[in-house]
Amino acid sequence: MRLRAHIDEIIYAEISDRRQHPDSSRVDILSLLMAAKDENGELMSDVELRDELLTLLTAGHETTASALTWALYWIHYLPEVKRKLIDDLASVGNLDFSAISKLPYLNAVCQETLRIYPIAMLTFFRIANSSINILEQEFEQDTLLTPCIYLTHHRPDLYPEPNQFKPERFLARQFSPYEYIPFGGGNRRCIGLAFALYEMKLVLATVLSRYSLALAGSSTVKPVRRGVTLAPSSGKWLVATQRYTSRELVNSR
Ligand code: HEM
């Protein structure tokens, strides 16, 4: 509660500062939210702005950042994956974000990243409104159920060799919303699904085209709990070996 009060203080001070010094050239998310109007032409209140920012900070930032970190780990741990991904990226223009977001192998790498170590191991819990039978198991009304994303994603009948990172499984078949649930499911499924995947693809495409990266020799990377999420262990395990200039990028295309 003390932390929340402190965070509120910082956020409200930022909002108040922006209101006092408006700058229409700013394109950061708070500026965009402050400029947004609803269908009646109304701006958001300070409380609404604070809620949106807190959602982005707590639900949207670390989740996607951890997913991206895992993706970079797998891409550099498995040279074959990196090679195929670079080929995939080379087939579209650098700034063609719409084409990048549709690349099949890039999509498969993102899906497999979120399968093997789902950022959230569990969905939020559900309470049975009435008694229900699931897979021959009877649950009474009011039973609290917590679907486990990690266990679902590691079922060998759905994902043969579940501990192996294989993007190809997402090219070979489509998984149903009951088999693949990195963003949960049903009507409380993650509201940021499309945004997170789009962001992951664009960031990966941008980073891979601007930097040459490599895993640092001996470090082992393991999944560790970070609050409610599952993140790569800390340490300096990925290093940039080269940075491409815009000219080199243009010449390489
Ligand atoms: C890779 C990135 C992300 C992952 C893996 C992820 C995963 C999840 C999961 C598993 C849930 C629970 C869904 C359920 O119980 O069925 C959830 C809920 C939620 N997520 Fe995400 N999320 C990600 C990114 C984001 C982003 C970018 C935002 C916001 C911009 C966001 C906002 C939310 C919100 C508001 C909920 C609660 C939805 C509700 O209860 O109706 N998430 N997310």
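What you see below is based on every heavy atom in this structure, not just the backbone, and it leaves out hydrogens, waters and symmetry mates. Note that the numbering runs from 1 along the sequence shown for the chain. Order of appearance sets the numbers: ligands from 1, and atoms from 1 within every ligand. Please read these numbers as outputs of a predicted model, since none were measured by experiment.
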Margin query: With a 4.0 Å cut-off on heavy atoms, is Ile149 in contact with ligand 1?
Written below: yes

Checklist line | Sidechain N-carboxylate O distance under 4.0 Å for Lys166, Glu161 | finding: yes

Notebook entry, point to check: Hey, is Asp28 close enough to Arg18 for a salt bridge, meaning N to O under 4.0 Å?
Noted result: yes

Specify the protein heavy atom at minimum distance from [atom]: its residue, its atom name, and the distance to 0.1 Å.
atom	result
atom 13 (C) of ligand 1	Arg188 O, 3.4 Å
atom 30 (C) of ligand 1	Leu56 CD2, 3.6 Å
atom 5 (C) of ligand 1	Pro182 O, 3.7 Å

Look only at the side chain of [X] and the backbone of [Y], and say whether a donor-acceptor pair between them is shorter than 3.5 Å.
X	Y	value
Arg155	Glu179	no
Thr206	Leu202	yes
Gln141	Asn129	yes
Ser16	Tyr12	no

Considering both backbone and side-chain atoms of [X], is one of its nitrogen or oxygen atoms within less than 3.5 Å of a nitrogen or oxygen in ligand 1?
X	result
Phe124	yes
Thr55	no
Asn187	no

Next item on the list: Show all protein N/O/S atoms under 2.8 Å from atom 21 (Fe) of ligand 1, or state that there are none.
Entry: Cys190 SG

Checklist line | Selection from Met121, His61, Arg126 by shortest heavy-atom distance to atom 16 (O) of ligand 1 | finding: Arg126

Numbered atoms and elements of ligand 1 in range of [X], under 4.0 angstrom, heavy atoms:
X	value
Thr123	14 (C), 15 (O), 16 (O)
Gly185	16 (O)
Phe195	27 (C)

Next item on the list: Please find out if less than 6.0 Å separates the ring center of Phe170 from that of Phe175.
Entry: yes

Note to self: For the aromatic rings, using the six-membered ring if either is Trp, is the centroid distance between Tyr180 and His153 under 6.0 Å?
What the structure shows: yes

Margin query: Could you list the cluster mates of Ile181? Members are the ILVMFWY residues connected by side-chain heavy atoms closer than 4.5 Å, either directly or through other members.
Written below: Ile149

Next item on the list: Could you list who else is in Leu145's hydrophobic cluster, with ILVMFWY side chains joined at under 4.5 Å, directly or through other members?
Entry: Ile132, Ile134, Leu135, Phe139

Residues 1-9 side chain polar contacts: donor-acceptor under 3.5 Å, at least two apart:
from: Asp8; atom 1: OD1; to: Arg50; atom 2: NE; distance (Å): 2.8
from: Asp8; atom 1: OD1; to: Arg50; atom 2: NH2; distance (Å): 3.1

